[in-house]
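So the structure is just underneath, and the comments pick up after that.
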Amino acid sequence: AVRPLKRRLPKKTNELPQPNRLPGIFDDIHGSHGRHVCRRHELYVSFQDLGWLDWVIAPQGYSAYYCEGECSFPLDSCMNATNHAILQSLVHLMKPDAVPKACCAPTKLSATSVLYYDSSNNVILRKHRNMVVKACGCH
Amino acid sequence: GGPGPRPPPGCPQRRLGPRERRDLQHEILAVLGLPGRPRPRAPPAGARLPASAPLFMLDLYHAMAGDDDEDGGSRERLLGRADLVMSFVNMVELDRALGPQEPHWKEFRFDLTQIPAGEAVTAAEFRIYKLPSTHPLNRTLHVSMFEVVRERANRESDLFFLDLQTLRAGDEGWLVLDVTAASDRWLLNRNKDLGLRLYVETEDGHSVDPGLAGLLGQRAPRSKQPFMVTFFRASSSPIRAPR
């Protein structure tokens, strides 16, 4: 049988981007299939849109953000990847059908405060923990 | 900072039906720790002026929200470890100025039914505004606050001492009295109004009408009416029943 030609594997560049360099416009911030790498995106929760400004005094809404993007090997450092995520994305490369990619999820959350009237017109200030995404990463 | 990702062209933009929208709002209210959507009574037209409690709470909100950027450290110090701060404005005020030999006092009653279950009180204070006294009173005044534990038909009510502040007749500003000790009883019988009684005495022990000492009650301008503020700490993060 004719030996199939050896497919030349694309040369792997092992160099990782500088640790704290955010992907520049010429960097490949698109993972596979042209999608974005895991990062934080703007998400504004508007109490105005929810029609609540008759009882919410402040704020009118707040930036909650959300995480979205690809966790594709090599998970470079701006993706805050856990060691487990690096391992999982490596195993995913070898067994893509058996092991999914690592997930893009919040790595740091902070609180937000809401000031509102209750049904007896008392004024209430409530702090809600874990309502704002401060950083995303691969888990 | 740009708009969120546009859904891929194939993804149909689906508008929520009224019932789904209501469910969604209910879900968000549950995340905010609210049993349902509060329906505050619209203040009467004349009451559009800013009131003392919302003004105070707005300052607190800015202090708390301002610290969000520093991620909590100084916020924790400033507001203790409060998850929830509540100002009580529903108040009935009783003035008692009997004969000259009887002690004068002012009593305030608060409706505590809105106190959320499962929250532990970390601090509570009663705030009352004082103008410079217009009467030739002794320079030093002692203001004491008691909780009315139980009223008696044929004799003086049972009182529980809460706080004592000493000030000068000519002082002006918010007087803050610590009523945290009264909160132990609230959590036991929440649907009983809280009664706070305030006395004013001169250095030599004479009882003074609080109004003559310059202490403002309910008839004061809205931005200077007395109110109570309570700081709560969530005893356990409320587990939301899955829907």
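Values in this document were obtained by computation on a predicted structure and should not be read as measured data.
- Closest heavy-atom contact between A:F47 and B:L32: CE2-CD1, 4.4 Å.
- The environment of CG in A:N83 is sparse: at most 12 heavy-atom neighbours from other residues, nucleotides or ligands sit within 6.0 Å.
- Side chain of A:K127 to main chain of B:L84: no donor-acceptor pair is present (N/O by atom type, distance under 3.5 Å, no hydrogens or angles).
- Within the structure, salt bridge (Lys or Arg N to Asp or Glu O under 4.0 Å) contacts touching residues 88-97 of chain A (residues at least two apart or in different chains) do not occur.
- Screening B:L58, B:L60, B:V85 for a side chain to side chain contact (heavy atoms under 4.5 Å, CB included) involving A:L115 leaves a single residue, B:L58.
- For A:L50, the parts lying near chain B are the backbone and the side chain together; criterion is any non-hydrogen pair under 4.5 Å.
- Using a 4.5 Å heavy-atom cutoff, the side chains of B:Y61 and A:P59 are in contact.
- Using a 4.5 Å cut-off between heavy atoms, B:L55 does not touch chain A at all.
- Minimum interatomic distance between B:L34 and A:Y116 (heavy atoms only, all atoms of both residues): CD2-OH, 3.2 Å.
- Not a single donor-acceptor pair under 3.5 Å links the side chain of A:S119 to the backbone N or O of B:P38.
- At least one donor-acceptor pair under 3.5 Å links the side chain of B:S87 to the backbone N or O of A:V123.
- Between B:M86 and A:D118, the shortest heavy-atom distance links the atoms CE-OD2, 3.8 Å.
- Partner of B:P40 under the side chain to side chain contact (heavy atoms under 4.5 Å, CB included) criterion, chosen from A:N121, A:I57, A:N122: A:N121.
- The contact between A:D49 and chain B is made entirely by backbone atoms, counting heavy-atom distances below 4.5 Å.
- Every residue two or more places apart in sequence or in another chain that forms a side chain to side chain donor-acceptor pair (under 3.5 Å) with A:D54 is listed here: B:R37.
- Using a 4.5 Å heavy-atom threshold, the side chains of B:I28 and A:W52 count as touching.
- For A:Y44, no part lies near chain B; criterion is any non-hydrogen pair under 4.5 Å.
- Considering every non-hydrogen atom in both A:R129 and B:D83, the closest pair reads NH2-OD1, 2.8 Å.
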